[in-house]
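Scroll down for the structure; my scribbles are underneath it.
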Amino acid sequence: MQLINKSRFSDTEKLETTNMSRPHILAIPYPAQGHVLPLMELSQCLAKHGFRITFVNTDYIHEKVLNALPEKYCIEDHINLVSIPDGLEPWEDRNELGKLTESLFTFVPGKLEELIHKMNASEDDKISCVITDQNNGWAVDVATKMNIRCATFWPAAAASLTLLFEVPKLIDDGIIDNDGTPLKNQNIQLAPEMPVFSTEKFLLTCKGDEIMGRIFFDVVEKNIKAAKLADWVICNSAYDLEPGAFTLAPKILPIGPLLASSRNGNSAGCFWKEDTNCLKWLDQQPPNSVIYVAFGSITIFNNTQFQELALGLELTGKPFLWVVRPGLTKETNVYPQGYEERVGTHGKIVEWAPQQKVLSHPSVGCFMSHCGWNSTMEGVANGVPFLCWPYFSDQHTNESYICDVWKVGLNFNPNEFGIISREEIKNKVELVLTDKNIRERTEELKEIAKKSVGECGHSKKNFSNFIQGLSI
C-alpha cells in the first residue's frame, strides 16, 4: 500500500512501484462523482490482481479528489493518480454540461495522446490497455488510433446502456427524431424483466434545453459508435439483477456490484471529505430505525422543497442521517427556523457520508435516495429498502427497477404544485419501514448481489475472464 501525499501528484508524476513488468492500464473516468467512484473501485480491484493503474482525472476533479482524502489514506499499491486539463478556464462552471462535453471531445483527446506518448517512451511504462468510461467515446478513438486495446466501462444500469444501443431502432420506429426528441409521450419496455422507459423522462433528452439536447444526443451517437470499437464493454451490475438487459445486449459484461466491502477495503474518489463521526452516531440508534437521506452530487432542491423535506423528516419522529452537501440548495441557511435545535436529539446532518459503511450499518432502516446507480447498488447489496426521489436522466430508470421490477422500495407522489409534501414523506417512511414484503425482497436481492461476486458468481467469472484477457 502507498500513502498519498497530496502535494506530490502532478501531470505524469508516478508512485514508486515494484515489478515494472506488470501490465499497465490507463483508467479514464467521466468527470463526475458517480463515474469517478466506480472506476476507482474497479481500478483498486485490478491493482489487487497485480496490474499497474494510471488513473486520469481532469485537473479540476483531480484537485477535488485529493482535497477530500484524509491526511493519511491508503489506496492499493500500483495506482498512480494523474491529471490532464479539461479545456475550460478555471472560473468556468463544470456543471454546464454542454460546454464541458464539447471541450472533452475537442480539447482533451490531444492532451490524452500527449500523456500516452510520454508514458510509452519508456518500455516499462508502456500502456497495455485503456479502460474508459463509456461516456468518453473520444478516449476510445485515441486508443484505437494508437493501436492500444480498449475497454469501455458503464457505471450505470445495463438497461440504460441497452436503451442507448437501441437508438437507431427508436428512430426507425418513429419513437424519437434524429435529434433524440420524443415524437410523442409513451412508455417503452425493451424486453421482459426490464424497467419501463417513459419518453417524458427520457435519458436521451435534455428537457427545456434544445441546444444542450442536440449536443447530448450527438455525444450519445458518438459514444455508441465508440463502444463498437472497444475490445470489451463492462458494466457495474449483475446478471441476475438485470437478466432482460443482458440477454438483449450480450456484449455488455456485468462485473458488479463493485463495492469496497467486497475486497475488504476503503472506497476512494469522493469529491467531499467523508464525515466518519456519523458512524459513531449510528452506533447509538436502534436496529432498522434510521432514515438515511442522501441525494448524490448533482441534485438541487429549491427552497420550498428543501424545507418540506426537512419538516417531513422531523414529522416522522424517527432518527435520521441526512447528507446536505454544498450546493444541494442554491442558497445557504434555508432550514426552517429553529429546525436544527429541534431535531438535534434524533437528527444528524453531515456534508458527506461514508455511504457504503452507513448502508451496511444495522441501525439503518431505509434509504431515501436520488436513485443514482452507485447508490442503488450499494443499497441493494446491503439489503436496505428504498424511498425513491430521482432527479434526472437514468435515475428514473433505476427508480423503475427499485419500485416496479425488484419491488424493494416506494416512490413519492408530488402534489399539484410539483412539491413532495411533508405529509407524503411521513406516510411513505412509515409504509416502507413496516412493509414485510419489501423487507423480504431486499434480503433476496442482497443474496443475489452477494452471489454474483462470490467464487462461482457470474460477475466473478466475467471479471476473471477480463483480467485474463488483459494479461495476454
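Note: hydrogens, waters and symmetry copies are ignored here, and every other heavy atom, side chains too, is used. Here, residue 1 is the first one in the sequence, and each next residue gets the next number.
- Taking the centre of each ring, Phe306 and Trp322 come in below the 6.0 Å mark.
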Applying side-chain contact (heavy atoms from CB on, under 4.5 Å), run through His458 and Lys451 and close with a yes or a no. CA-CA 8 Å; His458 200 282; Lys451 285 181 181 178; over 6 Å; no

Please table the atom pairs, donor to acceptor, closer than 3.5 Å between any side-chain atom in residues 29-38 and protein atoms at least two apart or in another chain.
from: Gln33; atom 1: OE1; to: Phe271; atom 2: N; distance (Å): 2.7
from: Gln33; atom 1: NE2; to: Gly269; atom 2: O; distance (Å): 2.9
from: His35; atom 1: ND1; to: Asp133; atom 2: OD2; distance (Å): 2.7

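- Thr329 is not listed as a side-chain neighbour of Ile300, based on a closest heavy-atom distance of 4.5 Å or more.
- Of the possible polar contacts, none joining the Arg149 side chain to the Asp231 backbone as a donor-acceptor pair under 3.5 Å is found.
- When atom types are taken as modelled, the side chain of Asp275 and the backbone of Asn277 share a donor-acceptor pair closer than 3.5 angstrom.
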Using atom types as modelled, flag every donor-acceptor pair under 3.5 Å from a side chain in residues 242-256 to any protein atom, sequence neighbours excluded.
from: Glu242; atom 1: OE1; to: Ala158; atom 2: N; distance (Å): 3.2
from: Glu242; atom 1: OE1; to: Ala159; atom 2: N; distance (Å): 2.9
from: Glu242; atom 1: OE1; to: Tyr401; atom 2: OH; distance (Å): 2.7
from: Glu242; atom 1: OE2; to: Ala158; atom 2: N; distance (Å): 2.9
from: Glu242; atom 1: OE2; to: Ser237; atom 2: OG; distance (Å): 2.5
from: Thr247; atom 1: OG1; to: Tyr239; atom 2: OH; distance (Å): 3.3
from: Thr247; atom 1: OG1; to: Pro243; atom 2: O; distance (Å): 2.7
from: Lys251; atom 1: NZ; to: Ala227; atom 2: O; distance (Å): 2.9

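- Here CG of Leu387 is found 5.0 Å from SG of Cys366. Values are rounded to the nearest 0.5 Å.
- In terms of modelled atom types and a separation under 3.5 Å, the side chain of Glu378 and the main chain of Leu259 share no donor-acceptor contact.
- The list of salt bridge (Lys or Arg N to Asp or Glu O under 4.0 Å) pairs with a residue in residues 82-93, not counting sequence neighbours, reads Asp86-Arg94, Glu92-Lys99.
- Not counting sequence neighbours, the partners of Asp404 by the side-chain hydrogen bond (donor to acceptor under 3.5 Å, both in side chains) test are Ser400.
- Inter-residue side-chain proximity for Trp138 and Val108 is flagged as met; some heavy-atom pair is nearer than 4.5 Å.
- Of the possible polar contacts, none joining the Lys126 side chain to the Ala121 backbone as a donor-acceptor pair under 3.5 Å is found.
- The aromatic ring centroids of Trp389 and Phe301 lie less than 6.0 Å from each other.
- Using a cut-off of 4.0 Å between Lys/Arg side-chain N and Asp/Glu carboxylate O, Asp125 and Arg52 are scored as salt-bridged.
- In this structure a side-chain-to-backbone donor-acceptor pair under 3.5 Å is present from Gln134 to Asn223.
- Take Ser452 and apply the side-chain hydrogen bond (donor to acceptor under 3.5 Å, both in side chains) test, not counting sequence neighbours, and it matches no residue.
- When Val220, Asp394, Asn135 are each tested for a side-chain contact (heavy atoms from CB on, under 4.5 Å) with Leu164, only one passes: Val220.
- Counting non-hydrogen atoms of neighbouring residues, nucleotides and ligands closer than 6.0 angstrom, the CD atom of Glu221 exceeds 12 such neighbours.
- A side-chain contact (heavy atoms from CB on, under 4.5 Å) with Glu444 is found for exactly one of Arg441, Glu447, Lys446, namely Arg441.
- For Glu113, the salt bridge (Lys or Arg N to Asp or Glu O under 4.0 Å) partners two or more places apart in sequence, or in a different chain, are Lys145.
- Counting non-hydrogen atoms of other residues, nucleotides and ligands closer than 6.0 Å to NZ of Lys348 gives a total above 12.
- Judged purely by distance below 3.5 Å, without hydrogens or angles, the side chains of His396 and Ser198 never pair a donor atom with an acceptor atom.
- By the side chain to side chain contact (heavy atoms under 4.5 Å, CB included) test, Lys111 pairs with Ile84, Pro85, Phe107, Glu114, sequence neighbours left out.
- Side-chain atoms of Asn236 never come within 3.5 Å of backbone atoms of Pro257 as a donor-acceptor pair (strictly under, hydrogens ignored).
- At least one donor-acceptor pair closer than 3.5 Å links the side chain of Trp154 to the backbone N or O of Ala157.
- Proximity of a side-chain donor or acceptor of Ser128 to a complementary backbone N or O of His24 within less than 3.5 Å is detected.
- The side-chain hydrogen bond (donor to acceptor under 3.5 Å, both in side chains) test applied to Lys169 returns Asp173, not counting sequence neighbours.
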Side chain to side chain donor-acceptor pair (under 3.5 Å) between Ser83 and Asn57: does it pass, once the steps are laid out? CA-CA 5 Å; Ser83 68; Asn57 278 312; over 6 Å; no

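- Two residues are said to be in side-chain contact when any heavy atoms from C-beta on lie closer than 4.5 Å; Ile188 and Thr199 meet this criterion.
- Annotation: side chain of Ile25 is not in contact with side chain of Val130 (no heavy-atom distance under 4.5 Å).
- Scored by the salt bridge (Lys or Arg N to Asp or Glu O under 4.0 Å) test, Glu41 finds Arg263 as partners (sequence neighbours excluded).
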Assess whether side-chain contact (heavy atoms from CB on, under 4.5 Å) is satisfied between Phe367 and Gln355, documenting all intermediate values. CA-CA 11 Å; Phe367 182 12; Gln355 183 160 288; 3.9 Å; yes

Could you walk me through whether Phe153 and Val233 pass the side-chain contact (heavy atoms from CB on, under 4.5 Å) test, one step at a time? CA-CA 6 Å; Phe153 174 65; Val233 178; over 6 Å; no

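- A pairwise comparison of heavy atoms in Gly454 and Lys460 identifies O-CB, 3.0 Å as the closest pair.
- Judged purely by distance below 3.5 Å, without hydrogens or angles, the side chains of Asp283 and His361 pair a donor atom with an acceptor atom.
- Cys45 is listed as a side-chain neighbour of Phe463, based on a closest heavy-atom distance under 4.5 Å.
- Between the side chain of Thr181 and the main chain of Asp177, no donor-acceptor pair closer than 3.5 Å is present.
- Partners of Lys222 by side-chain hydrogen bond (donor to acceptor under 3.5 Å, both in side chains), not counting sequence neighbours, listed by chain and number: Asp218.
- When side chains are defined from C-beta on, Phe466 counts as touching Ile234, because their heavy atoms get closer than 4.5 Å.
- Thr376 OG1 to Glu399 CD: the interatomic distance, rounded to the nearest 0.5 Å, is 10.0 Å.
- Side-chain atoms of Met377 and Leu258, non-hydrogen and from C-beta on, never get closer than 4.5 Å to each other.
- Taking Ile298 as the reference, Tyr391, Phe392 meet the side chain to side chain contact (heavy atoms under 4.5 Å, CB included) condition, with sequence neighbours excluded.
- The side chain to side chain contact (heavy atoms under 4.5 Å, CB included) check on Val323 picks up Tyr292, Ala294, Val350, Trp352, Ala353, with sequence neighbours excluded.
- Taking the side chain as every heavy atom from C-beta outward, Val380 and Asn382 never approach each other to under 4.5 Å.
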Would Leu81 and Met40 count as a side-chain contact (heavy atoms from CB on, under 4.5 Å) if you check the C-alpha gap in whole Å, the side-chain angles of each, and the deciding distance to 0.1 Å? CA-CA 10 Å; Leu81 306 180; Met40 175 59 79; 3.6 Å; yes

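- Looking only at distances, a side-chain donor or acceptor of Arg325 sits under 3.5 Å from a matching main-chain atom of Gly296.
- Of the options Thr152, Leu470, Asn462, Ile131, a side-chain contact (heavy atoms from CB on, under 4.5 Å) to Trp232 is made by Leu470 and by none of the others.
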